[in-house]
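Single-structure report; data block below.
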Amino acid sequence: MKLTKAIAPVAVAIIIALIPPPQGLDAYAWHYFAIFIGCVVGLILEPLPGAVVGVIAVVVAGLLNHWALFSPGQLANPHFHSAKAAFSWVVSGFTNGTVWLIFGAFMFALGYEKTGLGRRIALWLVKTMGKRSLTLGYAIMIADTILAPFTPSNTARSGGTIYPIIRNLPPLYDSNPDDESRKRIGTYLMWTAIATTCVTSSMFLTALAPNLLAVALTESSTGIVISWGDWFLAAAPVCILLLLLIPLLCYWLVPPEVKSGSAVCEWAGKELTTMGSLSRNELLLLIFVVMALLLWIFAGQYIAGALVGLLVISLMLICKILTWDDILANKAAWNTLVWFATLVALASGLSKVGFVSWFGQLVGSHIDGLNPVVAMIILALIFFVLHYLFASVTAHTTALLPVILAAASGIPGINMHLFVFLLVPMLGLMGIITPYGTGPSPVYYGSGFIPGGTWWRLGAIFGGLYLVAWLVLGLPWLMMIF
């Protein structure tokens, strides 16, 4: 099986490359597309870590630049140095501001974890709102929402901060995994948590790493730049409404048998007592993240979002909230930096070689006459539903986003700015549909409180609700502001 996974990406790339290029597409662009699809297959099968697959793909494309990266016209130019140009392209993703914004946001999350501020916020909410099961659900929702703008890994946010806290709550009411007692309160709490984090992942640009990847891919494909404030303005109305409804919907659809009790509040109070009073580092971190949020929202014209992230990292180092060793040891951040930098370069290559424009024209010629709004909705539906085939939002984004954007660009009369804001915030929402759809899904599925049948049923219900809300309420809102 491991050998098959390793051979498949290479075999797919070779097979596609051997097929004659489609009419209207240059051979070198088709060869590049073959390498790109081989990389996507590698990201899906994961014979090696995703970052390694990305590095290998850009290196291969760079080495084969005469065959797959540069046109004959470029190569014929005596002043064109293909080796230097190929290397510049290979490392181009590392100069992308969005990639560094992801890195900075990971350091915010590290500060939450090291200082204990994230845990304190969640425990305080549980202690304050935990006397009734319904309000406890709202406490989980609020905690995730507070942490989301500064935690680009929903696995770290929900699976690493929220889950370890709420995992302690069901046993307080004799609700245990893998038997009928889970219905007492465990299933309700776990489903509320995963349903919430999928919405917060869509509400904030920095709440999900693939959001930032999507922004970078969108800019390279269409030239449209999405700021933190633009994203929030587009997504907030629908997402806030959904967040307000989620605990109540969960209370109705997976009703807890335990409606109230004091055990949860007492447990959270003991945990807070053990933590002690608010520390200097927690207070400073709170000031820094609020400052970053304000700069992202109001100062985008004067300071780049990535630079805001690096500024906060510098302040955390100066104030010794984090040490340089802490940053060096954060493997997830460095892994994501390398992974997304290579994916940004690969996706930009599709535009560079002319594949995106060719594909857009091809699609446009086949659906000419279709109402632009209807076309946008159809493409958005395809983008959402195809997530059933992916176990990674990153792989989904890399494989489908450039193609869907190219298809939209070929439709006469379509408002690409509007379509981009309709499409990319769906990345978080679609994670709810399967037990493997987003990072924390396996954590909650593996808890034993959400059986497989229950997940598929609730995933279809909530996925349908999210999709309908986004299209029925979100599209008119986007048409008003864009």
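Predicted model only: the values in this text are computed from it and were never measured. Computed from heavy atoms alone, side chains included, the values below leave out hydrogens, waters and symmetry copies.
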Quiz item: Yes or no on side-chain hydrogen bond (donor to acceptor under 3.5 Å, both in side chains) for T115 and R120, after CA distance, side-chain angles and deciding distance?
Solution: CA-CA 9 Å; T115 63; R120 183 185 296 278; over 6 Å; no
Would you say the side-chain atoms of [X] and [Y] include a donor-acceptor pair closer than 3.5 Å?
X	Y	value
D325	T323	no
T192	Y138	no
T274	E271	no
N154	T438	yes

Exercise. Scan T197, T196, T151 and name whichever one has a side-chain hydrogen bond (donor to acceptor under 3.5 Å, both in side chains) with D144.
Key: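 Result for side-chain hydrogen bond (donor to acceptor under 3.5 Å, both in side chains) with D144: T197.
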Self-check item: Backbone of F103 reached by a side-chain donor or acceptor of W334 within 3.5 Å
Solution: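 Not a single qualifying donor-acceptor pair exists.
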Quiz item: Is K183 atom NZ crowded by more than 12 heavy atoms from other residues, nucleotides or ligands, each under 6.0 Å away?
Solution: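 Open.
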Practice problem: Please say whether more than 12 non-hydrogen atoms of neighbouring residues, nucleotides or ligands are located less than 6.0 Å from CZ in F87. | Solution: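 Not more than 12 within 6.0 Å, no.
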Look at the rings of [X] and [Y] and say which category their plane angle falls in: under 30° parallel, 30 to 60° tilted, over 60° perpendicular.
X	Y	answer
W228	W296	parallel
F204	F232	parallel
H396	H387	tilted

Quiz prompt | Heavy-atom side-chain contact between V238 and V199 under 4.5 Å | solution =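 No, their side chains stay 4.5 Å or more apart.
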Quiz item: Nearest 0.5 Å, what's the CD-OG1 distance between E180 and T187?
Solution: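 Separation between the atoms: 9.0 Å.
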